[in-house]
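Computed from a predicted structure; not experimentally measured. Both ligands and their constituent atoms are indexed starting at 1 by order of listing.
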Amino acid sequence: MRIVSGIQPTGQLHLGNYLGAIRNWVRMQDELPEGAECLFFLADMHAISMPHDPAALRAGTLELAAALVACGIDPARSILFNQAQVPQHAELQWLLNGTARMGWLSRMTQFKDKSGKNREGASVALFTYPVLQAADVLLYQATHVPVGEDQKQHLELARDIAQKFNNDFASEDAPVFTLPDPIIPPAAARIMSLRDGSAKMSKSDPSDMSRINLTDSADEVMKKVKKAKTDPEPLPAESAGLAGRPEALNLVTIYAALTDSSVDRVLAEHAGQGFGAFKPKLGERLVEVLAPITARFTQLLDDRAALGQVLADGADRARDLARPTLEQAYSALGMVR
Ligand code: TYM
């Protein structure tokens, strides 16, 4: 069993990242069977696919490392590293570019969303981004990839690339790549914006009121929850009553995830209440979960040299794990090394 996942160091870590992915990384790390391994990385090479500010990326990388450790990623048990410090990711991407098909990449919804009406002006990196993501996991023979719902299509592509490469260049009894399974949480896999129940909570949303950042103060959290868009109806007794009420469903989903409950159970407990009563409870619960993370984050950022060392050690270990698969891929393609 090998667990691999990544996150882009662009902007603040938010509640969607935490509930959709990071919390599961920590759980998988904490329940890891003997002999299994976790690798978690900062996908800074993905971050250059969109216009970006180098100084912000540099600062954001160390901050995200601190945030992940504050959330419970333990560098003694998991390999925590920064993608640019492991050049094998880029090398394998190039090799996989020979296998990935233009048609497959053209169907990626993230490319369509992010390039919008300006396809001609989008970077080539934005187009080939999913191939780098495939390299990220195939390089380590990942078996499980814990991600939020929005990454499912990219993981399916990674499986298609692995399968085609194995078919084209390896024998059936000695495949080069393992087909990775996406692990998507049954609930909270898609946390929505606090301002618009039809858009996902995102680092790139221009409105900071649309998301809860893991470093928001208690006051900010309470204010954002209070201002979150809702409707005037009271909470129903069952989830069927939330149909057509995406903002209400989102807040109840967040509450359920934070209390390790289900939407139906939360509704059974709060049926008939309006948001004036429900929102303060949600805010308090959020503050309870986030306050220790924020405190630890601030403390970790005091020692940037130590964080740099964690990433350097993680990259050493990742490079060692990456080498054999990369060599097999070169050799399968007939390249002389
Ligand atoms: P990124 O940086 O956008 O997000 C990191 C993780 O957080 C999840 N996530 C969400 N989950 C629920 N609700 C939301 N609103 C929400 N927003 C984000 C994402 O699904 C993701 O799991 N391409 C990836 C990074 C990446 C990667 C990889 C992931 C690069 N290589 C290899 C897995 C394996 C990305 O941009 O995630």
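Grouping the Ile, Leu, Val, Met, Phe, Trp and Tyr side chains by contacts below 4.5 angstrom, directly or via other members, places Met102 apart from Val124.
Ligand 1 lies out of reach of Gln83, whose nearest heavy atom is not under 4.0 Å from it. Using a 4.0 Å cutoff on heavy atoms, Met192 does not count as a contact of ligand 1.
In Ile22, neither the side chain nor the backbone holds a heavy atom less than 4.0 Å from any atom of ligand 1. Heavy atoms from both the backbone and the side chain of Ile191 come within less than 4.0 Å of ligand 1. At a 4.0 Å heavy-atom cut-off, ligand 1 does not touch Thr10 at all. Within the 4.0 Å heavy-atom criterion, the part of Ala189 lying near ligand 1 is the backbone and not the side chain. Heavy atoms of Arg190 found under 4.0 angstrom from ligand 1 belong exclusively to the backbone.
Looking at heavy atoms from C-beta onward, Ile3 lies out of side-chain contact with Leu39 at the 4.5 angstrom threshold.
Compare Tyr129, Phe41, Trp25 by their heavy atoms: the one nearest to atom 36 (O) of ligand 1 is in Tyr129. Among Gln110, His46, Met45, Lys203, the residue whose heavy atom lies nearest to atom 3 (O) of ligand 1 is Lys203.
Below 3.5 Å of separation, one finds an N or O of Asp136 facing an N or O of ligand 1.
Relative orientation of the Phe40 and Trp25 rings is parallel, given thresholds of 30° and 60° on the angle between their planes.
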